[in-house]
Amino acid sequence: MYDFAYHRPSSVADAVKLLAADPDAKVMSGGMTLIPTLKQRLARPSAIIDLSGIQDLVGISVSASAVTIKAMTTHAAVASSAEVRKAIPALAEMAAHIGDAQVRNRGTLGGSIANHDPAADYPAAVLALGATVHTNTRRIAADDFFTGMFSTALAADEIVTAVEFPIPEKAAYVKFPNPASRYAMVGVFVAKGPAGVRVAITGAGANGVFRHHAMEEALARNWSPDALEGVGTDQEGLNGDIHASKEYRAHLVGVMAKRAVAKAG
Amino acid sequence: MGFEGIGASVRRREDLRFVSGRGTYTDDINRPGQLYAVILRSPHAHARIRGIDTAAAKAAPGVAAVFTGDEMAADGVGGLPCGWQVKNKDGTPMAEPPHPVLAVGKVRHVGDPVAVVIAETRSRARDAAELISVDYEVLPAVPTLEAAQKPGAPLVHDGVAGNICYDWHLGDKDAVDAAFAKAHKVARLELVNNRLIPNAMEPRAAVGEFDPMSGEYTLYTTSQNPHVIRLLMGAFVLHIPEHKLRVVAPDVGGGFGSKIYHYAEEAIVTWAAGKLKRPVKWTADRAESFMSDAHGRDHVTVAEMALDRDGRFLALRVRTQANMGAYLSTFAPCVPTYLYATLLAGVYTTPAIYAEVKAVFTNSVPVDAYRGAGRPEATFLLERLVDICALEMGMDRVEIRRRNFIPASAFPYQTPVALQYDSGDYTATLDACLKAADWAGFEARRAEAKRRGKLRGIGISTYIEACGIAPSAVVGSLGARAGLYEVANIRVNPTGSITVFTGTHSHGQGHETTFAQLIADQFGVPMSQVEIVHGDTARIPFGMGTYGSRSIAVGGSAMVKAAEKIIAKGKRIAAHLLEASADDIEFKDGKFQVAGTDRAKTLAEVSLAAYVPHNYPIEELEPGLEETAFYDPKNFTYPGGCHICEVEIDPDTGVVEVVNFTAVDDVGRVINPMIVEGQIQGGVAQGIGQALLETCVYDADGQLLSGSMMDYTMPRADDLPNITVGTAITLCTHNPLGVKGCGEVGAIGSPPAVIGAVVDALKDYGVRHLDMPATPHRLWQIINANRPRMAAE
């Protein structure tokens, strides 16, 4: 990796100050994407602002209507939280299957959604559950947060502080892992809750996570796997690569969606 | 001490250091004053180098030197040699273009080394490498067999017409043509054997060192055969006499063939250490491994079998194109020829065989031997073709095999493709495997799977391989530029412990255990009294290393020969001490005993007398108790057996699960059953990897798309079933232990069984054959394309 300055602030305010002062600085949460990128010399930030010293960014709280997870909470913490398992079991289970044990012990919710890797799992949960992203300056609805592959609505000096997930009536996530990387080649998160029926697809879209409106309409009429029979997925805008063509990905979206609805019950 | 001789599943003594992180691998070696080398590699598959500007890199902080190919060539550094010459059909030698250590004039594959930067730290070297400016004139690339053979295709090497390295053949064409003319049926198959990237757990590394006082060079390297590297690098590349060059291959974390070859980086660090008078280390990162370790396989083949009315094989005709990559790696030419076409008889009595092999240069990483090397390609072709024969004849897959087996009574058996098999019983391994896999109960399991919505299939492979490479005169006559004997030196120390110096090399096989068991067995002493030394040309006699499942068959035989010499001498010493005739001395259970009496001397007592020769037949015998034996094998050994695989396919996604895998192999006498089982399981894992997961992908421009673990699917534990391993042995008849070898059988026998199972699962979808890897994507495409037809039927 190239040389960079390293900062480990102890408050969000300090982190934002550092970030605002240096447009070439990069925020690091778990570092599960950033560190490999640095090691391969694919990025050359002037400074790393490591959020791991900010105690206030870790923790889970559950109310009658929502689960709020602070940005630096690890996947392992979400997966093993009894409260999350009770309130939104699909979210805990999804977190339990991100990457491998090492990744789950380092990787964080905030890092995952701020990076918006098109094959990441968390964006599907955030979008399907109609979550609200909290930042140091505002609250952003999930529908407005993800703006494209590796891009979000975050301003240059804005940091995710927490995500508030409304508790759904039913929800489930099923993914088809890429055989080599085990990232989601197609991941489908379905939810039925206060925000209605929502279906979010990760892994498949060239622009990152997206909602599948045709499936949502079908499931709103009839919440069952059969309701998805014949509901197609437009191949335009899907990824095609050496592991899966657009056509195969479109097909897998349908299969994974049916399995997710069946799993949600 | 429990039983720990031949046949005991003794735990591997080397594993304590391996699993506790205390091994000493090449990258663990750091020499005083060491510098670090980083190789600048070509980003293009094919380009002319118009110029290289290294001035900025040379001036960068911490940089000791920057060298290019022109500079090394000007210093007299030679190209990397090829160790095997194959001849064309007309008797002319193959095309053997130069293989410079750093590119000269042109780059020929992505990853081709262009320059080396040597600096105080690896980071500094990397920084400086980015400052090198190479002026490339990008040329059209021919990364695949198809592209390289199109009329008018760009030439990888100027002067190698049509990119053809050689056009070779083996067998009796006229006899084959005559048999086809009278055939009842002909089964035909076109197939691809997919290119693989080996990916040993430990990436390659090398540390070069030079002592200006003695003029001696030392190279620490990740090698399977340090003496071969010393010979090739010293004699052909750097012109260092052997007594001034030491090569050490310390703990090595897997090789699978990819660490046999002499690589450019070994020569670069050794040469640079001499120039700079400081040690130089290079360690590959994983991305470099993908683009610089020799790849494996990569064949395209058309095969035809002529059959009579009863399903007996009359003749086999094979036409293969083999991808050599951009340059000839050390042993590349022999892989698709003498390690491939010679195996095309398989376990069958096919009386006439004719094979043509065209080796082709392409703009891709060089291809060489990879676990099995030629034999997996032959086995996949033959076993898939036999399944097609069964289909064509309407015969059962097992029955057609049985009907064509070489009977157990026919050994030694001369095949029409040069080899003479010494022993085997193919019906025995087949029957044992059918029983262990419950072949007879399969249809019930298929029906049960169908009720769960899964497509279940079963596949079988009955294979043979040739290993224990090889009689030196035979391989010499076939173009090898080396002998393939092995050496052992046994030193009985004065107080009776034993140090064995072997020319083989262990890089995961467990030699330190297996050989210690063998020696303990020979001398009747506990294993704790035996030490196995390998991997250092300064300590061991000249040996050829480990590949081709040769270590026990050739290296173990050398140990037996050396042990026989020790025992013969010990008898004479004991006879003197016991005042008896040497003819009356028996050696048993670690004691030299006067036959029929209780008068005896232990090995330790005899050894002490040999080293402290106060009371010793000094007029007749030299002091000391140390013997060396070189063993040149009389033949290859021929392990064989039967593999049966069962898969289930999810028709909605195309995902294949290997639900059962059973192997019954004849590997000759087994020294350590646990280690043999592990070797076979590991080989099967790699075979399943080739069949279902792994493949190297280049795009049309020669960019390596499967260039990392993100895109190259290595098998993982959850991709694999429990692998049931059994043995049904016949002894090798021509080596003293009756051993055959077990390192490669798993990777050779398994792929056709896996693909056979997938094809069987999809038999209602009109599938006759599938190329590897059978990925979910491809299987779904097949299922999806055939669905309407099935519905219509």
Side-chain angles (χ1 to χ4, degrees), chain A residues 1-4 32-33 36-42 44 97 99-101 103 117-120 174-188 203-204 225 228-229 232 235 238-262, chain B residues 38 61-62 121-127 129-130 194 197 199 285-288 290 453 650-657 688-689 692-699 703-719 773-785 787:
Chain A
M1 54 182 75
Y2 299 108
D3 289 347
F4 52 80
M32 293 296 89
T33 301
T37 308
L38 293 174
K39 285 175 77 174
Q40 292 177 61
R41 298 185 162 218
L42 296 171
R44 192 169 200 165
H97 291 91
D100 53 24
V103 166
D117 187 305
V174 175
K175 71 174 158 184
F176 188 99
N178 175 305
S181 71
R182 302 288 175 99
Y183 272 89
M185 201 155 83
V186 169
V188 181
L228 295 175
E229 197 61 51
Q235 290 176 38
L238 297 191
N239 280 322
D241 55 32
I242 61 171
H243 302 287
S245 61
K246 292 180 178 198
E247 185 192 18
Y248 183 47
R249 274 196 170 83
H251 167 77
L252 287 176
V253 167
V255 177
M256 296 302 118
K258 281 185 207 164
R259 289 180 184 182
V261 174
Chain B
V38 162
T121 66
R122 188 169 289 137
S123 241
R124 291 297 196 194
R126 260 196 201 166
D127 290 344
E130 291 176 7
N194 45 326
I197 304 177
N199 275 305
D285 61 26
R286 185 59 65 179
E288 282 186 286
F290 272 92
D650 176 349
D652 290 336
T653 59
V655 168
V656 186
E657 187 189 354
I688 291 173
L692 298 180
L693 305 166
E694 299 179 51
T695 197
C696 171
V697 183
Y698 280 102
D699 73 7
Q703 292 295 326
L704 181 57
L705 298 184
S706 56
S708 79
M709 294 295 183
M710 295 293 281
D711 287 303
Y712 187 85
T713 313
M714 289 296 287
R716 303 191 193 197
D718 67 354
D719 291 315
T775 61
H777 186 191
R778 293 200 38 235
L779 296 187
W780 175 76
Q781 285 171 327
I782 289 165
I783 291 166
N784 194 43
R787 223 175 230 138

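These numbers come from the heavy atoms of this one structure, side chains and all, not from hydrogens, waters or symmetry mates.
- With a 4.5 Å cut-off on non-hydrogen atoms, A/Met256 touches chain B through its side chain but not through its backbone.
- Between A/Lys39 and B/Asp285 no salt bridge is recorded (no basic side-chain N to carboxylate O distance below 4.0 Å).
- Considering only residues two or more places apart in sequence or on other chains, B/Asp127 meets the salt bridge (Lys or Arg N to Asp or Glu O under 4.0 Å) condition with A/Arg41.
- Only the backbone of B/Met709 comes within less than 4.5 Å of a heavy atom in chain A; its side chain stays farther off.
- The backbone N or O of B/Val697 sits less than 3.5 Å from a side-chain atom of B/Ser706, completing a donor-acceptor pair.
- Screening residues 238-256 of chain A for salt bridge (charged side-chain N to carboxylate O under 4.0 Å, His left out) gives A/Asp241-A/Arg249 as the qualifying pairs, with residues at least two apart or on separate chains.
- When heavy atoms are compared at a cutoff of 4.5 Å, B/Glu694 does not approach chain A at all.
- Using a 4.5 Å cut-off between heavy atoms, A/Asp3 makes no contact with chain B at all.
- Between A/Tyr248 and B/His777, the ring planes are parallel. Angles under 30° get that label, and only those over 60° would be called perpendicular.
- Note on A/Lys258, A/Met1, A/His243: by heavy-atom pairs under 4.5 Å with chain B, the leading option is A/His243.
- Ranked by non-hydrogen atom pairs under 4.5 Å with chain B, the options A/Ile242, A/Asn178, A/Leu252, A/Val255 are led by A/Ile242.
- Using a 4.5 Å cut-off between heavy atoms, B/Thr653 touches chain A through backbone and side chain atoms alike.
- Between the side chain of B/Arg778 and the main chain of B/Pro773, a donor-acceptor pair closer than 3.5 Å is present.
- Both the backbone and the side chain of B/Leu705 have a heavy atom closer than 4.5 Å to some heavy atom of chain A.
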